[in-house]
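I have placed the structure first, in the form of structure tokens, so that the comments after it can refer back to it.
All ligand and atom numbering here is 1-based and tracks the order in the structure.
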Amino acid sequence: KSIHSRANWSSDSESDSSGSECLYRVVLLGDHGVGKSSLANIFAGIQEKDAHKHIGEDTYERTLTVDGEETTLVVMDTWETEKQEEDEKWVQDYCMQVGNAYVIVYSITDRSSFESASELRIQLRRIRQAENIPIILVGNKSDLVRSREVAVEEGRACAVVFDCKFIETSASLHHNVHELFEGIVRQIRLRKDSKEI
Ligand code: GDP
Ligand code: MG
């Protein structure tokens, strides 16, 4: 329901750096057209027909109850901008720095987006090397069986190599999308619990 604009970024990071609130930033990464915004909109509960009303708004906050416990996720669909190249570089650097968890999306119908996903994983590992941040590799558009270019086994194998979780989703059919966000919450909790011990 509550949607923040980019203008809120700085105040967001100030207020939650105290750690008093259980709020986690989940950044969506991946090539253009793989379905990042569709997944973000489902997370936010926005119907496809309303999606055009939210142009320019790309950060969504929602509290999920997973295993009987509440966790607030702020999903950032900010990887792509319509702005100048210079701004894009700044925004992408920012995205790589601020996530508490990452969703790397490719389309199962687009092999080059699968290759980009590997590159993004490598980039992320380089930038955030000391941290054990949750990363989920997502093969989206699983409904498009006849245009499939990347096998499920390839996605799964890639996730093993890159030490992250893997799920195939269909934003169109809403298949596995809630499972994806619940999975992120569980991954975040696992990391958090192991730190506290
Ligand atoms: P983004 O560029 O990564 O934000 O991708 P979008 O969410 O804008 O989606 C790009 C296009 O792919 C749109 O036309 C979507 O309707 C379509 N799309 C997204 N997810 C799916 C999916 O799971 N299945 C199918 N068939 N189309 C999808
Ligand atoms: Mg988009």
With respect to [X], determine whether any N or O atom, backbone or side chain, lies less than 3.5 Å from an N or O atom of ligand 1.
| X | value |
| --- | --- |
| Ser142 | no |
| Ser38 | yes |
| Lys141 | yes |

Sub-4.0 Å heavy-atom contact, Glu80 with ligand 1
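Glu80: in contact with ligand 1 (<4.0 Å).
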
Flag for [Y]-[X]: side-chain donor and acceptor within less than 3.5 Å:
| X | Y | result |
| --- | --- | --- |
| Ser116 | Asp31 | yes |
| Asp143 | Ser170 | yes |
| Thr169 | Asn140 | yes |
| Thr63 | Thr72 | yes |

Under 6.0 Å between ring centres: does that hold for Phe43 and Tyr60?
no

Measuring from atom 8 (O) of ligand 1, which candidate in Ala40, Ser37, Gly139, Ser170 has the nearest non-hydrogen atom?
Ser37

If you compare Ser107, Gly33, Gly30 by their heavy atoms, the one closest to atom 1 (P) of ligand 1 turns out to be Gly33

Determine the interplanar angle of the Phe166 and Tyr106 rings, folded into 0 to 90°, and report it as parallel if under 30°, tilted if 30 to 60°, perpendicular if over 60°.
parallel

Quiz item: cation-pi between Arg125 and Phe162, 6.0 Å / 45°
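Not satisfied by the 6.0 Å and 45° rule.
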
Numbered atoms and elements of ligand 1 in range of [X], under 4.0 angstrom, heavy atoms:
| X | value |
| --- | --- |
| His32 | 2 (O) |
| Asp31 | 3 (O) |
| Ser172 | 21 (C), 22 (C), 23 (O), 24 (N), 25 (C), 26 (N), 27 (N), 28 (C) |

Taking Arg25 for its side chain and Val74 for its backbone only, find out whether a donor-acceptor pair lies under 3.5 Å.
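Absent.
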
Verify, without hydrogens or angle tests, whether Tyr24 (side chain) and Val75 (backbone) share a donor-acceptor contact under 3.5 angstrom.
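It does not hold such a pair.
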
In terms of side-chain geometry, is the basic nitrogen of Arg148 or Glu168 positioned less than 4.0 Å from the acidic oxygen of its partner?
yes

Is it true that Glu154 and Arg111 have a side-chain N and a carboxylate O under 4.0 angstrom from each other?
yes

Under 4.0 Å between heavy atoms, the region of Val34 that gets near ligand 1 turns out to be both

Using 2.8 Å as the cut-off, note every protein N, O or S atom close to the Mg ion (ligand 2).
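Near the Mg ion (ligand 2), the protein supplies Ser37 OG.
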
